[in-house]
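A quick write-up on the structure given underneath.
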Amino acid sequence: MTSSPYYLKGGRITTWFNTLVGRLARLGLSVAGSAELSVRGRTSGRVQRIPVNPHTYEGRQYLVSARGHSQWVRNMRAAGGGELRVGRRVRKFTAEELPDAEKLPVLRTYLERWGWEVDSYFRGVTARSTDEEIIACAPDHPVFRIRVRGK
């Protein structure tokens, strides 16, 4: 018996908050470093927009899916990139998904930076967890290294 990939769907309050943060980013107001991600839908072809927390580790940028294998993750895998927007500043990027074996330092520093917002999605794993605990949760949290086009 195979189980479905981990995904924690947001409730009504989370959806409302995400809509607000996304609109603010579109207007040029980043909440704690957030941006609006635009990625083309893999089946519909329509652009999906969702607020994300771009994360920098050792000079490279990453997108981490705290909620797991969400629709934006599946769309990103198909599209291979997208756009990050804060106001008029739009950065087009390509994306490469990291294998689980490479996620440890990115996930740890992401949890250090964003844990106040995302710890509950990691089911007890925090920035203070052991390497083994973070490695064990890595398959549940896709990580994409992004490269802004033109850089």
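What you see below is based on every heavy atom in this structure, not just the backbone, and it leaves out hydrogens, waters and symmetry mates.
Nearest heavy atom pair, residue Val73 against residue Gly68, reads CG2-O, 3.6 Å. Closest approach of Ala79 to Val39, counting heavy atoms only: CB-CG2, 3.9 Å. A pairwise comparison of heavy atoms in Pro139 and Asp100 identifies CG-OD2, 3.4 Å as the closest pair. Taking all atoms of both residues into account, the shortest heavy-atom contact from Ala127 to Arg108 is O-NH1, 2.5 Å.
Between Tyr62 and the choices Leu98, Asn53, Ile146, the side chain to side chain contact (heavy atoms under 4.5 Å, CB included) rule is met once, by Leu98.
Put simply, the side chain of Thr56 never gets that close to the backbone of Gly59: no donor and acceptor are under 3.5 Å apart. Listed for the Thr109 side chain is a donor-acceptor partner under 3.5 Å among the backbone atoms of Val106. Checking side-chain atoms of Glu102 against main-chain N and O of Pro99 turns up no donor-acceptor pair under 3.5 Å. Using modelled atom types, no side-chain atom of Arg149 and backbone atom of Lys92 make a donor-acceptor pair closer than 3.5 Å. Here the side chain of Asn75 pairs a donor or acceptor atom with the backbone of Arg42 at under 3.5 angstrom. The backbone N or O of Ser34 sits less than 3.5 Å from a side-chain atom of Ser30, completing a donor-acceptor pair. Put simply, the side chain of Arg147 never gets that close to the backbone of Thr94: no donor and acceptor are under 3.5 Å apart. Put simply, the side chain of His69 never gets that close to the backbone of Ser4: no donor and acceptor are under 3.5 Å apart.
At least one side-chain heavy atom of Pro54 sits less than 4.5 Å from a side-chain heavy atom of Gln61. Two residues are said to be in side-chain contact when any heavy atoms from C-beta on lie closer than 4.5 Å; Trp72 and Phe144 meet this criterion. Counting only heavy atoms from C-beta outward, the side chains of His55 and Leu63 never approach each other to under 4.5 Å. Contact of the Leu111 side chain with the Arg113 side chain is not registered, since no non-hydrogen atoms from C-beta on lie closer than 4.5 Å. In this structure, the side chains of Val143 and Tyr110 stay at 4.5 Å or more apart for every pair of heavy atoms.
Rounded to the nearest 0.5 Å, atoms CZ (Arg46) and OG (Ser38) are 14.0 Å apart. Annotation: the span from Lys103 atom NZ to Tyr57 atom OH amounts to 15.5 Å, rounded to 0.5 Å. Note: Arg91 CZ to Arg85 CZ = 12.0 Å, rounded to the nearest 0.5 Å. To the nearest 0.5 angstrom, Leu107 atom CG is 11.0 Å from Ser129 atom OG.
Cluster annotation: Val90 is not connected to Val31 through the hydrophobic network of ILVMFWY side chains, with a link wherever side-chain heavy atoms come within less than 4.5 Å. The same ILVMFWY cluster, assembled from side-chain heavy atoms under 4.5 Å apart, contains both Leu8 and Trp116. Following chains of ILVMFWY side-chain contacts shorter than 4.5 Å, one can reach Ile135 starting from Val125, so the two form part of one hydrophobic cluster. Note: the hydrophobic cluster containing Leu29 also contains Phe17 (ILVMFWY, side chain heavy atoms under 4.5 Å, direct or indirect links). Using a 4.5 Å cut-off between side-chain heavy atoms of Ile, Leu, Val, Met, Phe, Trp and Tyr, with links allowed through other members, Val21 and Trp16 fall into the same hydrophobic cluster.
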Would Val52 and Glu36 count as a side chain to side chain contact (heavy atoms under 4.5 Å, CB included) here? Give the steps.
CA-CA 6 Å; Val52 292; Glu36 182 184 61; over 6 Å; no
Run the side chain to side chain contact (heavy atoms under 4.5 Å, CB included) test on Arg49 and Val47 for me, step by step, so that the C-alpha distance in whole Å, both residues' side-chain angles and the decisive distance to 0.1 Å come before the verdict.
CA-CA 6 Å; Arg49 291 182 173 89; Val47 174; 4.3 Å; yes
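The 12-atom threshold is not exceeded at CZ of Arg60, counting heavy atoms of other residues, nucleotides or ligands nearer than 6.0 Å.
With a 6.0 Å cutoff to the six-membered ring centre and a 45° limit on the axis angle, Arg123 counts as a cation-pi contact of Tyr6. For the pair Arg67 and Tyr121, the cation sits on the ring face: its NZ or CZ lies under 6.0 Å from the ring centre, inside 45° of the axis.
Between Glu97 and Arg77 there is a salt bridge, with a side-chain nitrogen of the basic residue lying less than 4.0 Å from a carboxylate oxygen of the acidic one.
Aromatic ring centres of Phe122 and His141: separated by under 6.0 Å.
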